[in-house]
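Every number for a ligand or one of its atoms is a count from 1 in the order of the listing.
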Amino acid sequence: MKDNNALVLALPKGRVYEDFIPVLQESKFAIKDDPKKSRKMLLDTKHPLVKVLIIRGWDVPTYITSGAAHLGVVGKDILMEKKEEEFVELADLSLGKCRLSLAGYDDVLSGSSRLKIATKYPNSSIKFMNSIGIQAEIIYLNGAQEIAPMLGLSDAIIDLVDTGKTLEENGLKEIKIIADISTRLIANKASIKTKSTIINEMMEALK
Ligand code: PRP
């Protein structure tokens with residue numbers, strides 16, 4: 001059962017989780033169970049008033065906005081797709097650094113007034129394409145965007161690039177960096193006031 005006085009920290013599964021868990025486990029908010037083995041979704045920590053919620057990254061802003069969770073760790077790429085007023089960004093954790101980029105075959109931008117863009121970031125994509133005066137037709141894909149141009153599903157992609165290996169192995173070039181991405185700590189607006197002491201303690205410990 002959830003203790004109503006507890007602070008719930010929402011963590012996403014996947015790459016952000018792998019980066020963040022070592023930081024958390026060295027703090028006084030370490031998860032009690034082995035985080036790699038447990039299938040529990042709401043976990044106790046060494047601090048009696050802090051629990052950790054394990055969910056999908058795309059769901060972190062939803063939990064924070066509603067107040068079901070109070071603090072969240074999430075990639076800037078996801079936050080850019082959400083309305084900023086729904087949460088407060090407290091800190092850049094400087095983890096999970098990568099970039100959101102437009103990629104395709106050579107010169108896909110020159111001479112085009114309209115392009116089909118495969119992406120899971122429709123809002124950021126439309127905003128960027130508008131800014132360079134090209135109309136975007138969004139092909140929403142949940143992953144593996146890099147294969148879409150080769151099979152004729154899209155002209156280009158907008159996706160995260162880290163080492164560039166996925167682009168290279170699928171015959172694509174990084175054409176334009178749209179934004180630098182990293183992992184952020186976000187908070188529910190009301191919780192910043194009602195749980196300020198414990199939030200400040202956590203920010204100090206997770207720096
Ligand atoms: C991400 C991203 C790219 C890849 C980039 O996918 O969507 O496909 O990593 O990394 P690279 O530049 O080092 O090759 P991820 O593996 O996280 O899976 P996803 O498609 O489910 O997001």
**OP:** Could you check I198 against F29 for side chain to side chain contact (heavy atoms under 4.5 Å, CB included), going step by step and ending with a plain yes or no?
**Re:** CA-CA 11 Å; I198 188 80; F29 304 104; 4.0 Å; yes
Original post:
Step by step, would you call V60 with F87 a side chain to side chain contact (heavy atoms under 4.5 Å, CB included)?
Top reply: CA-CA 10 Å; V60 170; F87 46 77; over 6 Å; no
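Defined by atom type and a distance below 3.5 Å, a donor-acceptor pair is present between the side-chain atoms of E81 and S124.
Atoms of ligand 1 lying under 4.0 Å from any heavy atom of L160, numbered from 1 in the order shown and given with element: 2 (C), 3 (C), 5 (C). Residue-ligand proximity, E146 to ligand 1, at heavy-atom distances under 4.0 Å covers atoms 3 (C), 8 (O). Counting atoms of ligand 1 from 1 in the listed order, those under 4.0 Å from a heavy atom of V161 are 12 (O). Counting atoms of ligand 1 from 1 in the listed order, those under 4.0 Å from a heavy atom of T163 are 11 (P), 12 (O), 13 (O), 14 (O).
Atom 17 (O) of ligand 1 has as its closest protein heavy atom R15 NE, 3.3 Å. The protein heavy atom nearest to atom 7 (O) of ligand 1 is D159 OD2, 2.8 Å. Closest to atom 4 (C) of ligand 1 among all protein heavy atoms lies T166 OG1, 3.7 Å.
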Just list the side-chain donor-acceptor pairs under 3.5 Å for residues 96-105, sequence neighbours left out, or say none.
unit_1 : atom_1 : unit_2 : atom_2 : d
R99    : NE     : E174   : OE1    : 3.4
R99    : NE     : E174   : OE2    : 2.7
R99    : NH1    : D162   : O      : 3.2
R99    : NH2    : E174   : OE1    : 3.0
S101   : OG     : E174   : OE2    : 2.6
Y105   : OH     : M150   : N      : 3.4

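Side chains of I54 and K13 form a contact here, defined as non-hydrogen atoms less than 4.5 Å apart.
Contact analysis puts K120 in contact with ligand 1, with a non-hydrogen atom separation below 4.0 angstrom.
The distance criterion of under 3.5 Å between nitrogen or oxygen atoms is met by G164 with respect to ligand 1.
Under the salt bridge (Lys or Arg N to Asp or Glu O under 4.0 Å) test applied with E89, the options K82, K189, K76 reduce to a single match, K76.
The two residues E146 and N170 make their nearest non-hydrogen contact at O-CB, 3.8 Å.
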